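Structure record follows, encoded as structure tokens.
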Amino acid sequence: MENKIIGIDLGGTRLRMGAVGLDNQMAAPFVTKSSIVAEAEKPIEKLCEIIADYQEKNNLKNVQAISIGVPSSVMRDKETVICTTNIRNKKGEPVFCHTNLAADIRKYFQIPAFVNNDVNNILLYDIAAHHLEEKKVVVGIYIGTGVGSSVVIDGKPLEGKDGAQLDLGHIPYFMGDTPCSCGKTGCCECYASGWKLQKLREEFYPDTKICDMFTLHKDEKPLKEFIRACAHVYALMATIFNPDTMIVGGGVPEMAGFPRADFERLVNENTGRDVMAYGFDYLYSQEYVGKGVIGAALFARSRL
Ligand SMILES: [Zn+2]
């Protein structure tokens, strides 16, 4: 294979890699455990070895770039990982903290290397997959274990001063008193996340498998409140951004039986009236393991 971009999605649990061409399809999919990198003595060197091995086994020639998505904010240089709180080494410390990951990879392979936030990459994938490139404002909110968000305005991802923007999972829910993993209390992630869904399962439905939570219990009070909490996150963002399209994704909305009609009604009811006078489209992100890999490649291509 020639002229591909190597896209990598380095998640909390799995590292996925693929070779992506101009057709935006993922060839030679590869998956391994993130812990192999996280627990290595020299994590960046280990990552480079895995990439080199992948490149050789798949006979990849003239690779155009290597692009990595990480579950962390990334500085505006698109090289430096701010802090991977959910990728930790054996001592329990975050593996990459203010680490320039791209510089070492570029040095090793002598080709362009980029690092971007994983949710940012997934939104780029969803925009390409659904041909939303011409839209003015696209908001993506992805509820998985935590809450991730990315916003693209006039084709450009919204960036804060340092790259730490849209830390939506830690937006405060008024009067919330549940302690959050970040050290604050009452963050939205404490009420609208896969973590919370798991807590509800343990408390109210210990005999239900997590994947059946919506199909079996969506009309009962704990799940109704949960859906309301999720809807508030979307309503908040819709009110701020007046989007063309609101992308709903992540492990929670992608579960079987997620009550889309109830959810959308709650979002609409809670969104500011001026925004609702114009409305917006809902688009549901589909479950697909290649999203982060292809999104990483799309990001690299936008920078080459
Ligand atoms: Zn928090």
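Order of listing sets the numbers, starting from 1, for every ligand and every atom in it. Both backbone and side-chain heavy atoms feed into the values below; hydrogens, waters and symmetry mates do not. Predicted model only: the values in this text are computed from it and were never measured.
Each protein N/O/S atom under 2.8 Å from the Zn ion (ligand 1) was counted, for a total of 4.
Remark: R260 fails to qualify as a cation-pi partner of Y282 under the 6.0 Å distance and 45° angle criteria applied to the six-membered ring.
Ion pairing between a basic and an acidic side chain is recognised when a charged N comes within 4.0 Å of a carboxylate O; K221 and E225 show such pairing. Ion pairing between a basic and an acidic side chain is recognised when a charged N comes within 4.0 Å of a carboxylate O; K61 and E2 show no such pairing.
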### Message
Could you walk me through whether L168 and I141 satisfy the side chain to side chain contact (heavy atoms under 4.5 Å, CB included) test, starting with their C-alpha distance in whole Å, then the side-chain angles of each, then the deciding distance to 0.1 Å, before giving a yes or no?
### Response
CA-CA 9 Å; L168 199 61; I141 302 172; 4.1 Å; yes
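Between Y125 and Y288, the two ring planes are tilted [angle within 30° to 60°].
Nearest heavy-atom pair across Q64 and I111 is O-CB, 4.4 Å.
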